Amino acid sequence: MGRRYLDIATTPSVAAAQEHYGGAAPWGGPRAPADAEAGESQQLGPAELAFIATRDGFYLASVSETGWPYVQYRGGPAGFLTPVDAGTLGFADFRGNRQYITTGNVTANDRVSLFLMDYAHRHRLKIFGRLRMTDAADNPELAARLAVPGYRGRIERVALIAVEAFDWNCSQHITPRFTQAEIEGALTPVRAELATLRAENERLRRELAGRETTRHEEPDGPA
(Lines give C-alpha, C1' and ligand atoms only; values in the text may rest on other atoms or scores of the structure.)
Protein backbone atom coordinates (compact mmCIF):
# COMPACT_ATOMS: atom_id res chain seq x y z
CA MET A 1 0.00 0.00 0.00
CA GLY A 2 1.23 3.51 -0.82
CA ARG A 3 2.76 5.28 2.19
CA ARG A 4 0.83 8.50 1.72
CA TYR A 5 -2.42 6.59 1.17
CA LEU A 6 -1.90 4.61 4.36
CA ASP A 7 -1.03 7.78 6.26
CA ILE A 8 -4.43 9.20 5.38
CA ALA A 9 -6.33 5.95 5.92
CA THR A 10 -4.81 5.20 9.33
CA THR A 11 -7.09 6.90 11.83
CA PRO A 12 -6.81 6.13 15.58
CA SER A 13 -9.55 3.51 15.29
CA VAL A 14 -7.85 1.92 12.26
CA ALA A 15 -4.52 1.83 14.11
CA ALA A 16 -6.25 0.17 17.07
CA ALA A 17 -7.83 -2.44 14.80
CA GLN A 18 -4.47 -3.14 13.14
CA GLU A 19 -2.85 -3.62 16.52
CA HIS A 20 -5.66 -5.87 17.77
CA TYR A 21 -5.71 -8.13 14.71
CA GLY A 22 -2.00 -8.06 13.93
CA GLY A 23 -2.45 -6.09 10.73
CA ALA A 24 0.19 -3.47 11.42
CA ALA A 25 3.20 -5.71 10.74
CA PRO A 26 2.77 -5.95 6.94
CA TRP A 27 2.76 -2.14 6.77
CA GLY A 28 5.92 -1.60 8.76
CA GLY A 29 4.72 -2.21 12.30
CA PRO A 30 2.51 -0.13 14.57
CA ARG A 31 2.77 3.63 14.28
CA ALA A 32 0.76 6.64 15.28
CA PRO A 33 -1.78 7.87 12.73
CA ALA A 34 -0.46 10.67 10.59
CA ASP A 35 -2.02 14.09 10.26
CA ALA A 36 -4.03 13.80 7.05
CA GLU A 37 -3.74 17.54 6.50
CA ALA A 38 0.06 17.48 6.55
CA GLY A 39 2.40 16.61 3.71
CA GLU A 40 2.29 17.15 -0.02
CA SER A 41 -0.16 15.59 -2.41
CA GLN A 42 1.00 12.50 -4.25
CA GLN A 43 1.73 13.02 -7.93
CA LEU A 44 0.36 10.51 -10.41
CA GLY A 45 3.03 8.64 -12.35
CA PRO A 46 3.10 7.33 -15.94
CA ALA A 47 1.53 3.98 -14.94
CA GLU A 48 -1.36 5.70 -13.15
CA LEU A 49 -1.96 8.21 -15.94
CA ALA A 50 -1.97 5.46 -18.58
CA PHE A 51 -4.39 3.38 -16.51
CA ILE A 52 -6.77 6.30 -15.95
CA ALA A 53 -6.74 7.17 -19.67
CA THR A 54 -8.18 3.76 -20.55
CA ARG A 55 -10.96 3.65 -17.92
CA ASP A 56 -14.57 3.97 -19.02
CA GLY A 57 -15.93 4.34 -15.50
CA PHE A 58 -15.11 4.65 -11.83
CA TYR A 59 -16.76 4.61 -8.41
CA LEU A 60 -16.86 7.90 -6.53
CA ALA A 61 -17.52 8.12 -2.77
CA SER A 62 -18.32 11.22 -0.74
CA VAL A 63 -19.65 11.83 2.77
CA SER A 64 -22.70 13.87 3.76
CA GLU A 65 -22.89 16.46 6.52
CA THR A 66 -24.68 13.86 8.65
CA GLY A 67 -21.82 11.38 8.21
CA TRP A 68 -23.47 9.05 5.72
CA PRO A 69 -21.26 7.79 2.86
CA TYR A 70 -22.57 7.98 -0.68
CA VAL A 71 -21.14 6.03 -3.63
CA GLN A 72 -22.01 6.61 -7.24
CA TYR A 73 -20.77 5.15 -10.50
CA ARG A 74 -19.55 7.53 -13.17
CA GLY A 75 -19.30 6.16 -16.69
CA GLY A 76 -18.40 7.40 -20.15
CA PRO A 77 -16.08 6.74 -23.06
CA ALA A 78 -12.55 5.66 -22.18
CA GLY A 79 -10.55 8.66 -21.03
CA PHE A 80 -13.48 10.86 -19.94
CA LEU A 81 -11.73 11.14 -16.56
CA THR A 82 -8.93 13.40 -17.75
CA PRO A 83 -5.59 14.27 -16.11
CA VAL A 84 -5.50 18.07 -16.01
CA ASP A 85 -1.98 17.81 -14.64
CA ALA A 86 0.05 15.24 -12.67
CA GLY A 87 -1.82 16.05 -9.48
CA THR A 88 -5.33 16.87 -10.73
CA LEU A 89 -8.06 14.90 -12.48
CA GLY A 90 -11.12 16.37 -14.12
CA PHE A 91 -14.37 15.32 -15.74
CA ALA A 92 -17.44 16.98 -17.22
CA ASP A 93 -20.51 16.72 -15.01
CA PHE A 94 -23.59 16.49 -17.22
CA ARG A 95 -27.17 17.16 -16.25
CA GLY A 96 -28.61 13.88 -14.91
CA ASN A 97 -31.25 12.81 -12.41
CA ARG A 98 -30.98 16.17 -10.59
CA GLN A 99 -30.41 14.67 -7.14
CA TYR A 100 -27.06 16.49 -6.78
CA ILE A 101 -26.00 14.32 -3.84
CA THR A 102 -22.27 14.26 -4.60
CA THR A 103 -22.37 17.92 -5.63
CA GLY A 104 -23.97 18.86 -2.33
CA ASN A 105 -21.75 16.61 -0.23
CA VAL A 106 -18.50 18.10 -1.48
CA THR A 107 -19.59 21.65 -0.74
CA ALA A 108 -19.48 20.70 2.95
CA ASN A 109 -16.68 18.11 2.84
CA ASP A 110 -14.53 18.01 -0.29
CA ARG A 111 -12.84 14.69 0.58
CA VAL A 112 -13.63 11.91 -1.90
CA SER A 113 -12.43 8.41 -2.68
CA LEU A 114 -12.23 6.89 -6.16
CA PHE A 115 -12.04 3.24 -7.19
CA LEU A 116 -10.92 2.63 -10.77
CA MET A 117 -11.33 -0.97 -11.92
CA ASP A 118 -9.84 -3.02 -14.73
CA TYR A 119 -11.78 -6.24 -14.29
CA ALA A 120 -10.30 -7.91 -17.36
CA HIS A 121 -6.74 -7.68 -16.03
CA ARG A 122 -7.73 -7.66 -12.33
CA HIS A 123 -6.22 -4.26 -11.55
CA ARG A 124 -7.62 -1.68 -9.13
CA LEU A 125 -6.42 1.85 -8.47
CA LYS A 126 -7.63 3.67 -5.34
CA ILE A 127 -7.40 7.45 -5.04
CA PHE A 128 -7.95 9.87 -2.18
CA GLY A 129 -8.67 13.39 -3.35
CA ARG A 130 -10.48 16.66 -2.85
CA LEU A 131 -13.30 17.40 -5.27
CA ARG A 132 -14.35 20.88 -6.34
CA MET A 133 -17.37 21.47 -8.55
CA THR A 134 -17.55 24.61 -10.70
CA ASP A 135 -20.41 25.76 -12.90
CA ALA A 136 -19.47 25.20 -16.54
CA ALA A 137 -20.49 28.77 -17.38
CA ASP A 138 -17.83 30.05 -14.98
CA ASN A 139 -15.04 28.15 -16.74
CA PRO A 140 -16.04 27.55 -20.37
CA GLU A 141 -12.48 26.77 -21.51
CA LEU A 142 -12.11 23.93 -19.00
CA ALA A 143 -15.63 22.72 -19.81
CA ALA A 144 -14.68 22.53 -23.49
CA ARG A 145 -11.48 20.67 -22.63
CA LEU A 146 -13.34 18.08 -20.55
CA ALA A 147 -16.28 17.72 -22.94
CA VAL A 148 -16.98 14.21 -24.24
CA PRO A 149 -16.75 14.19 -28.06
CA GLY A 150 -20.03 13.21 -29.67
CA TYR A 151 -22.03 13.28 -26.43
CA ARG A 152 -25.06 15.54 -26.73
CA GLY A 153 -25.69 16.07 -23.00
CA ARG A 154 -25.35 19.56 -21.53
CA ILE A 155 -22.40 20.14 -19.20
CA GLU A 156 -23.66 21.73 -15.99
CA ARG A 157 -20.44 21.61 -14.01
CA VAL A 158 -16.78 20.73 -14.29
CA ALA A 159 -15.30 18.53 -11.58
CA LEU A 160 -11.69 18.89 -10.48
CA ILE A 161 -10.13 16.34 -8.13
CA ALA A 162 -6.88 17.30 -6.42
CA VAL A 163 -5.15 13.95 -5.82
CA GLU A 164 -4.00 13.49 -2.23
CA ALA A 165 -2.80 9.88 -2.48
CA PHE A 166 -3.24 6.70 -4.48
CA ASP A 167 -2.61 3.00 -4.12
CA TRP A 168 -2.67 -0.08 -6.33
CA ASN A 169 -4.78 -2.69 -4.60
CA CYS A 170 -4.31 -6.46 -4.42
CA SER A 171 -5.91 -8.37 -7.31
CA GLN A 172 -7.14 -11.17 -5.08
CA HIS A 173 -10.90 -11.76 -5.33
CA ILE A 174 -11.33 -9.47 -8.36
CA THR A 175 -13.50 -11.54 -10.69
CA PRO A 176 -12.45 -11.08 -14.33
CA ARG A 177 -15.18 -9.37 -16.35
CA PHE A 178 -15.04 -8.03 -19.86
CA THR A 179 -16.72 -5.13 -21.63
CA GLN A 180 -18.36 -5.56 -25.02
CA ALA A 181 -15.45 -3.69 -26.62
CA GLU A 182 -12.92 -6.02 -24.96
CA ILE A 183 -14.86 -9.08 -26.09
CA GLU A 184 -15.11 -7.74 -29.63
CA GLY A 185 -11.37 -7.10 -29.66
CA ALA A 186 -10.62 -10.64 -28.51
CA LEU A 187 -13.03 -12.17 -31.03
CA THR A 188 -11.78 -10.22 -34.06
CA PRO A 189 -8.82 -12.53 -34.85
CA VAL A 190 -10.95 -15.60 -34.09
CA ARG A 191 -13.61 -14.43 -36.53
CA ALA A 192 -10.97 -13.67 -39.15
CA GLU A 193 -9.49 -17.17 -38.79
CA LEU A 194 -12.97 -18.71 -38.92
CA ALA A 195 -13.75 -16.81 -42.13
CA THR A 196 -10.50 -18.08 -43.65
CA LEU A 197 -11.32 -21.66 -42.68
CA ARG A 198 -14.84 -21.36 -44.08
CA ALA A 199 -13.49 -20.00 -47.36
CA GLU A 200 -10.97 -22.84 -47.56
CA ASN A 201 -13.66 -25.38 -46.75
CA GLU A 202 -15.89 -23.96 -49.50
CA ARG A 203 -13.01 -24.10 -51.99
CA LEU A 204 -12.34 -27.74 -51.17
CA ARG A 205 -16.06 -28.56 -51.51
CA ARG A 206 -16.17 -26.97 -54.96
CA GLU A 207 -13.00 -28.75 -55.97
CA LEU A 208 -14.36 -32.10 -54.80
CA ALA A 209 -17.69 -31.47 -56.53
CA GLY A 210 -15.83 -30.66 -59.76
CA ARG A 211 -13.89 -33.91 -59.59
CA GLU A 212 -17.10 -35.89 -59.02
CA THR A 213 -18.74 -34.21 -62.02
CA THR A 214 -15.74 -34.94 -64.25
CA ARG A 215 -15.68 -38.58 -63.15
CA HIS A 216 -19.35 -39.09 -64.00
CA GLU A 217 -18.99 -37.39 -67.39
CA GLU A 218 -16.07 -39.55 -68.54
CA PRO A 219 -17.15 -42.23 -71.10
CA ASP A 220 -17.11 -45.83 -70.01
CA GLY A 221 -14.28 -48.00 -71.28
CA PRO A 222 -14.67 -50.69 -74.02
CA ALA A 223 -17.15 -53.42 -73.21
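Worth saying up front: this structure is predicted, and the values here are computed from it rather than measured.
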Quick one, [X] and [Y] - any side-chain contact, counting heavy atoms below 4.5 Å?
| X | Y | result |
| --- | --- | --- |
| Gln42 | Glu164 | no |
| Arg122 | Pro176 | yes |
| Phe91 | Ile161 | yes |
| Asp93 | Met133 | yes |
| Glu48 | Gln43 | no |
| Arg145 | Val158 | no |
| Phe166 | Ile127 | yes |
| Val106 | Arg132 | no |

Over all atoms of both residues, closest heavy-atom pair of [X] and [Y]:
| X | Y | value |
| --- | --- | --- |
| Val84 | Gly90 | CG2-N, 3.9 Å |
| Leu131 | Ala159 | CD1-CB, 3.7 Å |
| Val112 | Ser62 | CG1-CB, 4.2 Å |
| Met117 | Arg55 | O-NH1, 3.1 Å |
| Thr103 | Thr107 | O-CG2, 3.2 Å |

Verify, without hydrogens or angle tests, whether [X] (side chain) and [Y] (backbone) share a donor-acceptor contact under 3.5 angstrom.
| X | Y | result |
| --- | --- | --- |
| Asn109 | Arg111 | yes |
| Thr10 | Asp7 | no |
| Asp85 | Thr88 | yes |

Looking only at side chains, do Thr175 and Arg177 share a donor and an acceptor under 3.5 Å apart?
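Note: Thr175 and Arg177 side chains miss the donor-acceptor criterion.
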No-hydrogen, no-angle side-chain donor-acceptor test under 3.5 Å, Glu156 and Tyr100:
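The answer is yes; a qualifying pair exists.
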Glu200 atom CD, over 12 foreign heavy atoms within 6.0 Å
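It does: Glu200 CD has more than 12 such atoms within range.
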Take a 6.0 Å sphere around CD of Glu202 and say whether it holds more than 12 heavy atoms from other residues, nucleotides or ligands.
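Enclosed.
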Walk me through whether Ile155 and Leu146 qualify under side-chain contact (heavy atoms from CB on, under 4.5 Å).
CA-CA 9 Å; Ile155 301 176; Leu146 298 177; 6.0 Å; no
Ion pair Arg203/Glu207, N-O distance below 4.0 Å
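So Arg203 pairs with Glu207 through a salt bridge.
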